[in-house]
Each structure stands twice: as structure tokens, then as C-alpha cells.
K.L.:
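Sharing a structure with you now.
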Amino acid sequence: MKHTFTNVQELFEAMEGGLDIYDLVGAFVDRDKWTEQPSDAELVFWDEDDLYVNDDAGLPPEEEVDGVPSIAANEGLRYLLLSPQLIDVFEVLKGQSKSTDVAGLVRVINHYRTRDSFEP
């Protein structure tokens, strides 16, 4: 099943409301849109069963395009972060009592993506 959020703040609020994204494969975005106007960049998740064939057998994705599952690549999407990473980034942000508006969320995600560490 495909799960779509209009922006990162909508995702954050859904998670605050109890949405568990841990079992979803990862956040996919149009990277150009994320770079140019991240507050309007749609985040898309798929259930693991939608992306992987015979996952119980430990087989790799059926098809990949530049390391991205074809279902996402066909829509022009690339990984933003894996779900566990995104959960951790949000948890650290909440623990720091920093702003959770769109700009704050984008800032901490970009920091993690470029530095592989949480924002101080």
C-alpha cells in the first residue's frame, strides 16, 4: 500500500498522532522538489510487500533503478531516509525541544542526510 504525505510536517503530525512508519520501507521524494521547495515536497512510503518479491526468502528487490525500487523510480522518486532513520531524527528533535515546523523538520533531516549525525 502506498502512503503519501503532502509535506514533512504532515508526516510528523501523523506520527505524533500514532502512525507507526517503522514497517514502511522508507521515505521517497522527488529530490529536485525537496531541494527547491522542501515545504511542498510530497513524501511517499510503500509497504515492504509492495517493493520486494519473496521477501520472506530474503531475496533482493525484483527490480532496482540506481539502487531505488522500480515502483519508486518509475514515479521519479528517490530515497530521502529509511523509516528507522527518520523516526530517530524526529525523536532527537523532540528531545531537544526545537521547532517542529516545516523549516525545522527539513533542517534536521538535511543535516542527518549530509552529515550522518544528528543536529547538535
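Because the structure is predicted, anything quoted here is derived from the model rather than measured.
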K.L.:
For residues Leu24 and Ser83, report the shortest heavy-atom separation together with the two atoms involved.
P.N.:
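Taking every non-hydrogen atom into account, O-OG, 2.7 Å.
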
K.L.:
Looking only at atom types and distance, does a side-chain atom of Arg31 sit under 3.5 Å from a main-chain N or O of Leu80, one as donor and one as acceptor?
P.N.:
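No, because the side chain of Arg31 does not come within donor-acceptor range (under 3.5 Å) of the backbone of Leu80.
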
K.L.:
Measuring from atom OH of Tyr112 to atom CD of Gln85, what distance do you get when rounded to the nearest 0.5 angstrom?
P.N.:
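It comes to 4.5 Å.
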
K.L.:
Decide whether Phe5 and Trp46 are clustered together by the hydrophobic rule: side chain heavy atoms of Ile, Leu, Val, Met, Phe, Trp, Tyr closer than 4.5 Å, transitively.
P.N.:
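Different clusters: Phe5 never reaches Trp46 through Ile, Leu, Val, Met, Phe, Trp or Tyr contacts under 4.5 Å.
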
K.L.:
Are Tyr79 and Phe90 joined in one hydrophobic group, where the rule is that I, L, V, M, F, W and Y side chains link up if heavy atoms are under 4.5 Å apart?
P.N.:
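Different hydrophobic clusters.
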
K.L.:
Would you name the heavy atoms of Glu119 and Gln96 that are closest together and state the gap between them?
P.N.:
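So the two residues come closest at O-NE2, 2.8 Å.
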
K.L.:
Over all heavy atoms of both residues, which pair between Ala72 and Val68 is shortest? Give the atoms and the distance, please.
P.N.:
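Nearest heavy atoms, Ala72 then Val68: CB-CG1, 3.8 Å.
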
K.L.:
Would you give the length of the straight line joining atom CD of Glu10 to atom CD of Glu13, rounded to the nearest 0.5 angstrom?
P.N.:
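If we round to the nearest 0.5 Å, Glu10:CD and Glu13:CD are 8.0 Å apart.
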
K.L.:
Would you mind reporting whether Glu91 and Ile87 have side-chain heavy atoms less than 4.5 Å apart?
P.N.:
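Side-chain contact under 4.5 Å: yes.
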
K.L.:
Which value, rounded to the nearest 0.5 Å, describes the distance between Glu16 atom CD and Lys94 atom NZ?
P.N.:
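Taking CD in Glu16 and NZ in Lys94, the distance rounds to 4.0 Å.
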
K.L.:
Is the shortest side-chain heavy-atom distance between Leu105 and Leu11 below 4.5 Å?
P.N.:
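SC-SC contact between Leu105 and Leu11 ruled out.
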
K.L.:
Ring centres of Phe45 and Phe28 under 6.0 Å apart?
P.N.:
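No, too far apart.
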
K.L.:
What is the minimum heavy-atom distance between His111 and Phe118, and which atoms define it?
P.N.:
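Scanning both residues completely, I find the closest heavy atoms to be CE1-O, 3.4 Å.
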
K.L.:
Tell me the closest heavy-atom pair linking Ser39 and Asn7, and the distance in Å.
P.N.:
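Closest pair (atom of Ser39, atom of Asn7, distance): O-CB, 3.1 Å.
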
K.L.:
Write down the atom of Ile109, the atom of Leu81, and the distance for their closest heavy-atom approach.
P.N.:
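That would be CG2-CD1, 4.0 Å.
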
K.L.:
Nearest 0.5 Å, what's the CG-CH2 distance between Leu77 and Trp34?
P.N.:
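If I round to the nearest 0.5 Å, the distance is 13.0 Å.
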
K.L.:
Just one of Thr100, Leu93, Val92, Val8 clears the side-chain contact (heavy atoms from CB on, under 4.5 Å) bar with Val108, so which one?
P.N.:
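It is Leu93, the one option of Thr100, Leu93, Val92, Val8 that forms the side-chain contact (heavy atoms from CB on, under 4.5 Å) with Val108.
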
K.L.:
Go through the steps for Glu42 and Glu75 under the test side chain to side chain contact (heavy atoms under 4.5 Å, CB included), then give the verdict.
P.N.:
CA-CA 12 Å; Glu42 207 174 62; Glu75 293 190 24; over 6 Å; no

K.L.:
Can you tell me how far apart CZ (Phe12) and CG (Asp101) are? Round to the nearest 0.5 Å.
P.N.:
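If I round to the nearest 0.5 Å, the distance is 10.5 Å.
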
K.L.:
Establish whether Val29 and Leu82 are linked, either directly or via other cluster members, by ILVMFWY side-chain heavy-atom contacts under 4.5 Å.
P.N.:
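Result: no, two separate clusters.
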
